[in-house]
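Lettering follows sequence order; numbering is per chain, from 1.
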Amino acid sequence: MPRDYKETCLLPKTAFPMKGDLFKREPQWLARWESSGLYARILARPVDGRFVFHDGPPYANGHMHYGHILNNALKDFVTRSRNLLGERTRFIPGWDCHGLPIELNVDREVKRKKEHVSPTEMRVRCRDEAAKWVDVQRTERKRLGVLGTWETPYLTMNQGFEAQVIRALKAFVANDIVYRGKKPVQWCWHCRTALAEAEVEYADAHVSPSIYVKFALDAAGVEALRAKLPDGVTRVSAVIWTTTPWTIPANLAIAVHPALDYVVLKGADGEGLLVAAALAEAVAKSAKLDAVVVGPSFKGELLVGLQGRHPFEARWSTLFGADHVESSAGTGLVHTAPGHGRDDYKLGVAHGLEAYAPVGDDGRYTGELGDGAKAMGLEGQFIFDANPAVEQHLHSLGALLQPPGQKVTHKYPICWRCKNPLITRATTQWFIAMDEPMRALPGTPTLRQRALAEIDRLAADGARAEGEGVARGWVPSWGRERIRGMIEGRPDWCISRQRIWGVPIPAVQHKATGEVVLTTELLEHVAKVFAERGADAWYSDDPSVLPAEIRCADGTLRPREEFSRDPSIIDVWFESGSSFYAVCEPEADLGAKVDLYLEGSDQHRGWFHSSLLVGCAVLGEAPYRAVLTHGFVCDDQGRPYSKSDIRRRQEARRDEITARVNKGEALDAVLTAMKSTWATPEKLADAKKRLGKKTSLDDVALAIAQDDIEFIPPEKIIAEQGAELFRAWAVFVDYENDMPYSRAVLNQAIDAYRRVRNTLRFMLGALREEPAPLVTEVALEPIDQWALVRLGEVLAKCEKAYRQYAFREVFATVVEFCQDLSALYLDASKDRLYNDASDSVRRRSALATMQHLVRSLAAVIAPILPFSAEDVWDHLPAFAGKGDSVHLEFWPTVPSIEDGAALGKAVQRLRALRDGVFAVLEPVVQAWGVEKQAAKKAGREPGAGDATFAPGARIDHARDAAVTLELSAAERDELGPLAPQAAELLGLGAIELATAPVAGDRVRVAPGPACDRCWRRRGDVGADGLCPRCRHAVDVFDRAAGATA
RNA sequence: GGGCCCAUAGCUCAACCGGUUAGAGCACCUGACUUAUAAUCGGGAGGUUUCGGGUUCGAUCCCCGAUGGGCCUACCA
């Protein structure tokens, strides 16, 4: 009985599991890191570099969703990689705590319990509500593995933060660009507050009334148009179109475009209808006119100054020229209510019209209505309820072109919170002027000018940085266009809100004179108070919130008792826009200039935008050096990935398939469904299994439809598979664009992750739980030297990628490297690892190299896969049990290898040889495989009766083959030090490199018997059945075993 | 309506800012494997680069237009 030598082979051995069981083990690492103070230890390492990252505060309401989680993963990649690269980087997580959503939640609760609470009490409850969600989200963010100071986050409701917001406001006041004015703003009548641009959403299919209203021209007007009238027309009305009948009572003017062509259209009863020429036909159709009869066309400038009679108020609406008038919709004459529209307001200002808005906070008409409207009983009516009344009344006056009840479906702004349609309403608010000179800045640019200049400066710096291989400025570069457009077009910033939960605008009003005061002195005083006692102080009775005496515009000092406090709070976007000033500026090791802001691309209108404006006032420049944006999480159809959205589409899909089944197209439906990545054959089989054997195709089709689009809650992924797999997904897709998220994509990311994990596992196994020498301590084999050269290239590529935030490239590079190692290097090293004696020089060279590879790769992936990297570290013999963490490592290095380029060439030649080998070997091996399969099917012995498959003649593994390949002398030279080892490195029994063309078979069975232990045919097997190498290895093994026995 | 962006294999991504035959990985088909075995290695098939024009000796790349999708926005009166 020959000895079984397997136990003497040094096969891979490691406790590092093939499957991570991450969902179970991640919490253990988290606990360990927390108890060992890992984060503090990372920051305490002595480094020269510094990188300032600033967390954009998520809103402290509700659970984290895909976007948040992705965002947090990316942020963690940044801070961890910077620390790894030797740039000390802190992560101070923050939360946005003030604002309407929280206040409304609390409000609802209060109303439900029918309580009456004071503003102070209200603020206490809001604070509790925000704190509750901060806790929830903190847990969720920590679970993802994000490293930071979680116990001391920044909260916008902290006293220090509130004080800095006031100081930021002070900078605007110092620049003299804060003013109070009555202007139209987006107003939510339900929440009873003005809304910022960022608080407005849009409903896709909002249905509004659609009315054409006639304003009869006076005699002078008709006279002016006499030459333009169609035959038989003696009176003329200007026709406007609107979807908001409730604003008709506030109509003060009509806008026309001076350069546009207009005509008088002959209407019913011979009445002339003044409309844009381009729209005459459409209007005629709407009015159901039999024929389109128009007079000669003329330019709108002819109309400027004419007057149209308001349908039910005793006043005239003048026709003004305005650029915003279009001829694509409506009538080319625009109903203008300066109190209810931004352009209307602008036109009003230009012509001295008041921002007349007879509508209250609650969306009801006020006593400011005109007599006509009052006579209709509109006062106190809710405006949207009044729409039909106004319409009906206009109809009864004969002022409508069509019968009442016409509707139009269009996009319409709604409140981000309560989803009710918004109105535009002129109110008295605090504004920041975009186009007034900033007095405190040199050259007194306007805020808009400065902001635009900063945008361009960042873009230019970004272009410069790109040349240096780093990312700064707008990343990706189109961020510039994005934010530029917004800053260029935005109106003055309305910063006041009529709510309670926020930072008060510390303005005061003199009770007697009505003068409103908001000065830097006052702001500084209040900031100090807030810093000590928080903004709640504003709502207390304590007089000391205000300075004892307050300076009025004329310079006189008046006692504070004569003033009342402004009840408004500051726009929350102003607060978060001040975060750099509240969080980073006060810290000695951070400062107000932040290296990186990183948020979703929607923040071009949000946080990036408001931070830029605050930065321009406070610092005179942008607060950030780089702004990195990412896209949105979508499903595999490219649609936003949200629960409700997917539900809706699931239903649509089901309906569609049901319809096809009913039409008898079940097979088609199934085939269509199977083309989608969701409905795989496995899924089909699954569905069949679930539904029982008697399943009809119809049922299968329906079942697929149900599963076709699946919502996978993020917390489920994390709880069942581990946070790291989510991180693997985040790094697997391209965050610059929309990121596809589906089971299929997730699985792909997991596969890539497993590839890396298994490669590392193999190398850990090779080390067999014993420390290996360092690469500097042994003479390295040429192939090992090459592995290190390759590692050096990988490291260089990854470092550059990290500096450019190209995390995907880092991961892809590592995965590719692992693949390369697996297929070539590790495969080529197996013989010496398994079969050489434990003390073999060649083997020790491999171990040293693999230890170095594992160690380096663990460090490289640590920012992205912090748990698995630590798992590797725990199982790396040299570090196991020492309580160290991979996260304390710095960027890995490789010892310099002489003539790395020649080695690279040699391996390239080896690869070419390898291709050649496979090309000739594959058909031979394949033939045997085919024969085996055929024999199996036929139930006979494989190879029986066929000489080519005789046991001594066939080749079923490369190691049994001797291959002959042609190779020129030059090519052979390239192989250099690898030439003598070619057969081993290629896993062949033997290789012959011929310089002349080969005649006959290139593949033969390698000569000689195979060694009983290593199965190699080297022609040197002794009488004991072992090759000398194995003989020695067995002796060494036996000696060691004897020693321990 | 406007601004910005995206579209390459069934899927996720490449292709050195115009240059050989558009590359990987996964999935699929297929072979090997007492020595990485829920692993690993080999082979194969799969593309009119969304469509239509244009510039050019040459276009996945530049320009114009269309289609589909995303984010943002508005003065849809």
Interatomic distance where CG belongs to A/D827 and P belongs to B/rU40 [whole Å]: 12 Å
Grab the CG-P distance between A/N747 and B/rC28 for me, whole Å please. 11 Å
Could you tell me whether A/R757 and A/D751 have a side-chain N and a carboxylate O separated by less than 4.0 Å? no
If I pick the C1' atom on B/rC63 and the same atom on B/rU56, what distance separates them, to the nearest angstrom? 12 Å
Considering just the side-chain nitrogens and oxygens of A/R761, establish if one lies under 4.0 Å of OP1 or OP2 belonging to B/rA36. no
Counting only heavy atoms and a strict 4.0 angstrom limit, can you tell me which residues of residues 730-740 of chain A come near RNA chain B? A/F732, A/V733, A/D734, A/N737, A/D738, A/P740
Nearest whole Å is fine: how far is B/rC41 P from A/L986 CG? 16 Å
Distance check needed: B/rG2 C1' versus A/E488 CD, whole Å only. 13 Å
Should the pair A/R1016-A/D831 be classified as a salt bridge under the 4.0 Å nitrogen-to-oxygen rule? yes
Between C1' of B/rU12 and CG of A/L70, the distance in whole Å: 15 Å
C1' atom, B/rC29 versus B/rG18: distance in rounded Å? 38 Å
Compare the minimum distances between each of B/rC71, B/rU40, B/rA39 and the side chain of A/R755, then state the nucleotide with the smallest one. B/rU40
Salt bridge flag under 4.0 Å for residues A/R484 and A/D456: yes
Within 45 degrees of the ring normal and closer than 6.0 Å to the centroid, is that where the cationic atom of A/R425 sits relative to A/W187? yes
If you go through the side-chain atoms of A/E922, does one of them form a donor-acceptor pair with the base of B/rG31 closer than 3.5 Å? no
Counting heavy atoms from C-beta on, name the nucleotide in B/rG42, B/rC4, B/rC71 closest to the side chain of A/F918. B/rG42
What is the distance, to the nearest angstrom, from the OH atom on A/Y741 to the C1' atom on B/rC11? 16 Å
What integer distance in Å separates A/D602:CG from B/rG3:C1'? 16 Å
All stems with RNA chain B, defined as three or more consecutive Watson-Crick or G-U pairs under 3.5 Å: B:1-7 with B:67-73, B:10-13 with B:23-26, B:28-32 with B:40-44, B:50-54 with B:62-66
The side chain of A/P640 is closest to which nucleotide in this list: B/rA27, B/rU40, B/rG70? B/rG70
Any carboxylate oxygen within less than 4.0 angstrom of a Lys/Arg side-chain nitrogen, looking at A/D602 and A/R482? no
d(CD, A/Q819; P, B/rA39) in whole Å: 14 Å
About how many Å separate CG of A/L833 and CG of A/L826, when rounded to the nearest 0.5 Å? 8.0 Å
Looking at side-chain heavy atoms only, is the closest gap between A/L921 and A/L988 below 4.5 Å? yes
Out of B/rU37, B/rC26, B/rA32, which has the shortest distance to the side chain of A/V925? B/rA32
Parallel, tilted or perpendicular: which one describes the rings of A/F16 and A/H875, with boundaries at 30° and 60°? perpendicular
Polar side-chain contact A/R482-B/rC71 base: donor and acceptor under 3.5 Å: yes
Using a 4.0 Å heavy-atom cut-off, does A/K19 contact any base of the nucleic acid, only the sugar-phosphate backbone, or nothing at all? base
Say we look at B/rC61 and B/rC16: how far apart would their C1' atoms be, to the nearest angstrom? 13 Å
Would you mind telling me which of B/rG70, B/rA36, B/rC26 lies closest to the side-chain atoms of A/S822? B/rA36
